[in-house]
Trainee: 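Handing you this structure, nothing more for now.
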2 protein chains.
Amino acid sequence: MASTTMKRIAEDLGVSVTTVSKVLNNRADIGETTRARVLARVAELGYQPNAVARSLTLRRTRTLGIVIPDLMHSFFVEVIAGLEAVTHTRGYGLLLCNSDEDPHKERAELQLLAQRQVDGVVLASAGASANSDLLHRLTAAGVCLVMIDRDDHPDILCDRVITDDEEVGRLATSHLVAQGRRAVAHIAGPSIVHARRRADGYRRALVDAGLRVRADWIIRGGFRESDGYRAMTRLLSSKKRPDAVFAVNDPAAIGALKAVWDAGLRVPEDVAIAGAGDIAHGDLLRVSLTTVTWARRDLGKRAAELLLDRLDADGANRHRRVVIPPRLVVRASSGVSAGTEALSSG
Amino acid sequence: MASTTMKRIAEDLGVSVTTVSKVLNNRADIGETTRARVLARVAELGYQPNAVARSLTLRRTRTLGIVIPDLMHSFFVEVIAGLEAVTHTRGYGLLLCNSDEDPHKERAELQLLAQRQVDGVVLASAGASANSDLLHRLTAAGVCLVMIDRDDHPDILCDRVITDDEEVGRLATSHLVAQGRRAVAHIAGPSIVHARRRADGYRRALVDAGLRVRADWIIRGGFRESDGYRAMTRLLSSKKRPDAVFAVNDPAAIGALKAVWDAGLRVPEDVAIAGAGDIAHGDLLRVSLTTVTWARRDLGKRAAELLLDRLDADGANRHRRVVIPPRLVVRASSGVSAGTEALSSG
DNA sequence: ATGAAAGCGCTAACAA
DNA sequence: TTGTTAGCGCTTTCAT
């Protein structure tokens, strides 16, 4: 029951706990024979150090927290996969938290992480400013923070790994325009920075193309499939029906796709659709989904590296802002002929 | 930097640390005024208890570990989502580990969890018996274990939440046979229990239908898309080409789908395909995927509940074996006409 | 109703 | 080269 401790090993061997500790931490000031004896007994008993006790002494848990808003979106899972690969090879644990796009839940999760004394937090924030106070307190308490994907909480100083969201919106929208669509609508996200930037990109693309931006073609939707479905349904019933839609992300785009089908219309013939985020298997859908992609696994890796390097260096060097460039992926949903597609995709 | 501690609060108020502790733990033997004073200061300073110190004293971390073999398979992510919902509402943290189907990595992850003194581990095991020793030591050390999805390590006593894998294989295969296919192949997984059971179900369905089981139509593939692709490619080049395939899971089935397409053939006309696990968006694929489904979120929830109930009860009651029943989901890839589909699909 | 003391398992000065 | 002592922040007897 009671697992073996350093004390047990020390007693067995008639040495002090300190000696055992030093051996296990590879300190130089230990005799070869003692070291060997300790190591032997350690192996024999299958001793595993108690990380909790270690953490208490060192005031370092070697544990990171990750808070993401949607576990069912493959985008975030890929980010997590990237993170996990780095953290685990460097001996860090990863506490997983899901805010479900709910600032209240996010707050609870952040608190849980704070109590557990994580060394760092990776956050894709759900709420605009609701939890800024907590984040301030966290960083003030010495917790390293890196924000990913969502560029909110501008007053918080921390590393950030994001993409160029305005460019995301611009790429998708101008592509739709280039396909000859003139009535391009936008299913927007909630009022948080990266969603607004995608809307900005949408607007800019229209303006650049000399098209008018119509307020009633920008519909506040959300990041989930159900949000996209609802928004598209509304768009289809508007007096002037759009012939193309840029959805704030791929789940919303898929919701839109379904809404179009349920209305008895076709994608892309009646409505062309583009999303963002390059959801898993988007290339295999009944109508493959045109989207904007950026390196998701790398995003996770970069976030982990920024965090761990800062922790290892104990360094308070300048906060970094890593921008992962987006790239258009043209597929069927935006209404390109097979020939054209081959040119621009992949 | 140094976050506020109970000591700090005690000094501020001129009481003892014990008193503060008692207030925070809602002990009855504290005067109302003292209690109020302490609580006020706690709120004022935004005191957060140090869970690491607490864990060391109580020898309980209120943290669970989850080890899964494939983070990019939506099946496991849904299981995790179910787990997370339960653990977090009950105040537990969740340490996420990804074994990548690699027993060595799994071993390292389990060790990390052991060192971190998790109260319990949820495991979807990658290796057949490689890590049984470690699991024995873990449970002997008082760590609660619940195995999910994969029913390996038969000598380990623990709760299990699985599905009826033989029935999974039987449902999928007999459905393919019912569609009139006579040359039904199987893309199998590695030699671990639940994969073997699916193969058993495949064989039984054939035998029940009076069909011969051909060894060269059972191909050792694997759980990943690439495994399915390779296996299908081999099947397509065998001297007698099968007209249907049951793949051990949906990622493998999708790999098979791609292989068929890349060979210039059609699904389901030339080869019908069925998978298992009901991958996200399988209903929206170019050819929607016939599969076998079972409650994944519930699986995660049940696992968490079994674990936490056992922990809370500190109970050594009989180990439970929860079997989540599988159900066939008929879609286009198995070659049903639209009319029939409506009847049998969920 | 309150507090002193011991201890959870470990590391880190500082002596010896 | 080794050991003694103190302490990380908390809970828990057991006195008072």
Side-chain angles (χ1 to χ4, degrees), chain A residues 1-39 41-42 45-63 91 114-119 141-142 314, chain B residues 1-39 41-42 45-63 91 114-119 141-143:
Chain A
M1 204 69 179
S3 47
T4 48
T5 68
M6 287 182 21
K7 187 171 163 213
R8 162 80 194 283
I9 293 177
E11 284 169 352
D12 280 14
L13 266 44
V15 300
S16 79
V17 174
T18 307
T19 302
V20 178
S21 170
K22 283 176 172 170
V23 169
L24 291 171
N25 290 299
N26 269 311
R27 298 256 162 282
D29 58 349
I30 289 291
E32 261 321 309
T33 54
T34 322
R35 177 183 305 272
R37 288 208 313 145
V38 170
L39 256 23
R41 195 97 191 96
V42 160
L45 296 177
Y47 167 79
Q48 298 274 67
N50 182 325
V52 172
R54 198 156 198 281
S55 296
L56 184 59
T57 309
L58 297 181
R59 260 151 305 171
R60 284 288 230 82
T61 51
R62 294 206 136 237
T63 302
Q115 297 190 176
R116 280 184 164 65
Q117 314 292 121
V118 292
D119 296 337
D314 215 35
Chain B
M1 203 67 178
S3 48
T4 48
T5 66
M6 288 182 21
K7 185 172 165 213
R8 162 81 194 281
I9 293 177
E11 283 169 353
D12 280 13
L13 265 45
V15 299
S16 78
V17 175
T18 309
T19 302
V20 178
S21 170
K22 284 176 171 170
V23 169
L24 291 172
N25 291 298
N26 268 310
R27 298 256 161 281
D29 57 350
I30 290 290
E32 261 321 308
T33 54
T34 321
R35 178 182 306 272
R37 288 209 313 146
V38 170
L39 256 22
R41 196 96 191 97
V42 160
L45 297 177
Y47 167 80
Q48 299 272 66
N50 182 326
V52 172
R54 197 154 200 281
S55 296
L56 185 59
T57 309
L58 298 180
R59 259 152 304 172
R60 283 287 229 84
T61 51
R62 293 206 139 239
T63 302
Q115 296 189 179
R116 280 183 164 67
Q117 315 293 119
V118 293
D119 297 337
V143 176

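Within every chain, numbering begins at 1; the chains are lettered A, B, ... in the order of the sequence lines, protein sequences first and strands thereafter. What you see below is based on every heavy atom in this structure, not just the backbone, and it leaves out hydrogens, waters and symmetry mates.
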Trainee: Quick one: side chain to side chain donor-acceptor pair (under 3.5 Å) pairs with a partner in residues 17-27 of chain B, sequence neighbours left out?
Mentor: Ser16(B)-Thr19(B), Ser21(B)-Asn25(B), Lys22(B)-Asp29(B), Asn25(B)-Arg54(B)
Trainee: Is Leu24(B) close to Tyr47(B) at the side-chain level, that is, under 4.5 Å between some pair of heavy atoms?
Mentor: yes
Trainee: If you compare all heavy atoms of Gln48(B) against all heavy atoms of Ala114(A), which two are closest, and at what distance to 0.1 Å?
Mentor: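 Shortest heavy-atom contact: NE2-CB, 4.2 Å.
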Trainee: As an exercise, state the distance from CG of Leu13(A) to OG1 of Thr34(A), rounded to the nearest 0.5 Å.
Mentor: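 Reported value, rounded in 0.5 Å steps: 9.0 Å.
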Trainee: Once you round it to whole Å, what is the distance between C1' of dG7(D) and CG of Leu56(B)?
Mentor: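 Rounded to the whole Å, the gap is 12 Å.
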Trainee: Please list, chain by chain and in numerical order, all residues satisfying side-chain contact (heavy atoms from CB on, under 4.5 Å) with Arg116(B), sequence neighbours excluded.
Mentor: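 Checked Arg116(B) against side-chain contact (heavy atoms from CB on, under 4.5 Å); matches are Ala51(A), Arg62(A), Thr63(A), Leu95(B), Leu112(B).
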Trainee: For dT2(D), take OP1 and OP2 only and decide whether either is under 4.0 Å from a side-chain N or O of Thr34(A).
Mentor: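 True: Thr34(A) side-chain N/O within range (under 4.0 Å) of dT2(D) OP1/OP2.
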Trainee: With nearest nucleotides of DNA chain C determined for Val15(B) and Arg59(B) from heavy-atom distances, which residue corresponds to the more 5′ nucleotide?
Mentor: Val15(B)
Trainee: Please list, chain by chain and in numerical order, all residues satisfying side chain to side chain donor-acceptor pair (under 3.5 Å) with Thr61(A), sequence neighbours excluded.
Mentor: Asp119(A)
Trainee: Could you tell me how far apart Gln115(B) (CD) and dG9(C) (P) are, to the nearest whole angstrom?
Mentor: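 Gln115(B) atom CD is separated from dG9(C) atom P by 15 Å.
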Trainee: Would you please name every residue forming a side-chain contact (heavy atoms from CB on, under 4.5 Å) with Arg8(B), sequence neighbours left out?
Mentor: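 Arg8(B) satisfies side-chain contact (heavy atoms from CB on, under 4.5 Å) with Thr4(B), Thr5(B), Asp12(B), Arg41(B), Leu45(B) once adjacent residues are dropped.
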Trainee: Which letter, B, S or -, goes with each nucleotide of nucleotides 10-16 of chain C from 5' to 3', with contact meaning a protein heavy atom under 4.0 Å?
Mentor: BBBB---
Trainee: How close or far is atom C1' of dC8(C) from atom CZ of Arg116(B), stated in whole angstroms?
Mentor: 19 Å
Trainee: Rounded to the Å, how far apart are Glu32(A) CD and dT2(D) P?
Mentor: 10 Å
Trainee: Once side-chain contact (heavy atoms from CB on, under 4.5 Å) is applied, do any residues pair with Leu39(A), and if so which ones, sequence neighbours excluded?
Mentor: Val23(A), Arg35(A)
Trainee: Roughly what angle, to 10°, lies between the helix axis at the start of the helix from dA1(C)-dT16(D) to dA16(C)-dT1(D) and the one at its end, five pairs per end?
Mentor: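 Inter-axis angle at the ends, rounded: 40°.
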